[in-house]
Amino acid sequence: MSFQLLETILLMTIVTYGSRVLPFLLFKGENIKGFARDFIELVPIALLAALVVPELVTPNGTIVIIKNPFLWAGILTFLFSRFVPNLFLGILFGMTVFWGLDKLLL
Amino acid sequence: MSNKESEFNPSIEKGFLYGLSQSLTIAIGYAPVAITFGILATQFGLTFWEAGLMSFFVYAGASQFIAIEMIHQGATPLIIGVTTLIVNIRHFLMSLSVVPFFPERTLPWSLGLAQGLTDESFVLNTKVLKDVEGEENRRRVMLGINSGAFVTWVSLTILGGLIGKWLPVQFSGFQFALLALFIILTTMSLTRKNYMTYLVAAVLAVVLKLLIPGKIYLIISVILAAGIGAWWRGWKGSHRVGSNSQKSS
């Protein structure tokens, strides 16, 4: 195992377990309200956007629209999963469409 | 209507085995995801036991998928660590709301029960623990639920890793698998209350990615977008006047 991967797993473990265990160690059971709660609730959806959209729009570091299998496969996967809300089928659909578009747009 | 005697008797002691049996629903849900994680992790360059180690220690599905995508994109461990923190800080909220079930908890129980807290186990524990009498029993039930889910996650990750390792073809579609997964998660979690945050984060991320080298754009755009979204919610909350008919979903 590379040192980088070990370091990655170690850091991930510390921050994840830390988030889980701190309330057990510190609190009797209060509730976070207001800005902090809204912020924490909105992080996942913001992260999904930040992870996906740049990869779809700028696969090679510049914005590409037409000859871009990532973008079109992404849009089609989005539409597909709106109608078929199944994780496994959606991934299969996305991979197949991407593979097809990748050959087609090459 | 049947008579009352045939109904479930709540005085039956619930313990570890009861929790373990309850965890079956999570196990069914985890199985395809864990196998998929194992396959993708090996397709993205990890060995099956490295994937298993990550599942064992980190034990947080979404952030593990994100991590292998980021490793693939060449992000540094520090950036991945910070990203994991902002993804998993939500466990802090869940943990806070589980803690009142265990007012007399000891240190080993605290350390142990916290380990198994995931989105899914949180939802199930919250539902199940309400109907369990006595803190001792609640601890054992939660331990049972957590153990079943954890063992499923780790063992099926390794199975998926072995499958991925022996998959003969290098199918180009695999490089899209994680993006597809995230897109599906997006459609499942987008609501009227959060789509603006999604759009702000998307625009910020694209612009910042073009401007700043490295992966730091991920963290900046997420913090800015979630911050703007939370501020907006607070502002709307304090400026809501009169006729509030709560029609939106």
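Here the structure is a predicted model, which is why all the values come from computation and not from measurement. In what follows, chains carry the letters A, B, and so on, assigned in the order in which the sequence lines appear, proteins first and then strands, with residues in each chain numbered from 1. In what follows, every heavy atom counts, from backbone to side chain, and hydrogens, waters and symmetry copies are set aside.
- Using a 4.5 Å cut-off on side-chain heavy atoms (C-beta onward), B/W232 and A/L42 make no contact.
- When the candidates A/I63, A/V57, A/T58 are compared by the number of heavy-atom contacts under 4.5 Å with chain B, A/T58 comes out ahead.
- Between chain B and the residues A/L22, A/L5, A/L25, A/V97, the largest count of heavy-atom pairs under 4.5 Å involves A/L5.
- Using a 4.0 Å cut-off between charged side-chain N and carboxylate O, B/R233 and A/E41 make a salt bridge.
- Neither the backbone nor the side chain of B/I79 comes within less than 4.5 Å of any heavy atom of chain A.
- Without hydrogens or angle criteria, B/S95 side chain to A/R20 main chain gives a donor-acceptor distance under 3.5 Å.
- Between the CZ atom of B/F176 and the CZ atom of A/F93 there is a distance of 9.5 Å, given to the nearest 0.5 Å.
- Nearest heavy-atom pair across A/A50 and B/V222 is CB-CG2, 3.8 Å.
- At a 4.5 Å heavy-atom cutoff, the contact between B/Y59 and chain A is made by backbone and side-chain atoms alike.
- Ranked by non-hydrogen atom pairs under 4.5 Å with chain A, the options B/A205, B/A230, B/A62 are led by B/A230.
- Using a 4.5 Å cut-off between heavy atoms, A/F70 contacts chain B through both its backbone and its side chain.
- Nearest heavy-atom pair across A/P23 and B/R105 is O-NH2, 3.8 Å.
- Two residues are said to be in side-chain contact when any heavy atoms from C-beta on lie closer than 4.5 Å; A/F24 and B/V98 meet this criterion.
- Contacts between B/M188 and chain A at a heavy-atom distance below 4.5 Å involve the side chain alone, from C-beta outward.
- Within the 4.5 angstrom heavy-atom criterion, only side-chain atoms of A/Y17, from C-beta onward, approach chain B.
- For B/V33, the part lying near chain A is the side chain, with the backbone staying farther off; criterion is any non-hydrogen pair under 4.5 Å.
- Considering only heavy atoms from C-beta on, A/F78 stays 4.5 Å or farther from B/I184 through its side chain.
- Annotation: maximal heavy-atom pairing with chain B below 4.5 Å, among A/G61, A/A73, A/A36, A/P85, occurs at A/A73.
- B/L210 touches chain A through its side chain: at least one heavy atom from C-beta onward sits under 4.5 Å away, while N, CA, C and O do not.
- Contact check for A/T16 versus B/T84: side-chain heavy atoms found under the 4.5 Å cut-off.
- Comparing B/G227, B/S110, B/A201, B/P32 by how many heavy-atom pairs each has under 4.5 Å with chain A, the most go to B/S110.
- Contacts of B/S63 with chain A are made by both backbone and side-chain atoms, with heavy-atom separations under 4.5 Å.
- With a 4.5 Å cut-off on non-hydrogen atoms, B/P103 touches chain A through its backbone but not through its side chain.
- Only the side chain of B/L107 comes within contact range of chain A, with at least one heavy atom under 4.5 Å from a heavy atom of that chain.
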Note to self: Would B/N88 and A/S19 count as a side chain to side chain donor-acceptor pair (under 3.5 Å) here? Give the steps.
What the structure shows: CA-CA 7 Å; B/N88 288 343; A/S19 309; over 6 Å; no

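- Proximity to chain A is limited to the side chain of B/T36, based on heavy atoms less than 4.5 angstrom apart.
- Proximity to chain A (any heavy atom under 4.5 Å) is restricted, for B/F102, to the side chain, taken from C-beta onward.
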Practice item. Could you walk me through whether A/L56 and B/I183 pass the side-chain contact (heavy atoms from CB on, under 4.5 Å) test, one step at a time? Key: CA-CA 11 Å; A/L56 299 186; B/I183 290 167; 4.2 Å; yes

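- When heavy atoms are compared at a cutoff of 4.5 Å, B/L117 approaches chain A by way of both its backbone and its side chain.
- Not a single donor-acceptor pair under 3.5 Å links the side chain of B/Y198 to the backbone N or O of A/L47.
- Across A/S2, A/A46, A/A49, A/G18, the residue that shares the most heavy-atom pairs under 4.5 angstrom with chain B is A/A49.
- Using a 4.5 Å cut-off between heavy atoms, B/W49 touches chain A through its side chain atoms alone.
- When heavy atoms are compared at a cutoff of 4.5 Å, B/T83 approaches chain A solely by way of its side chain, counted from C-beta outward.
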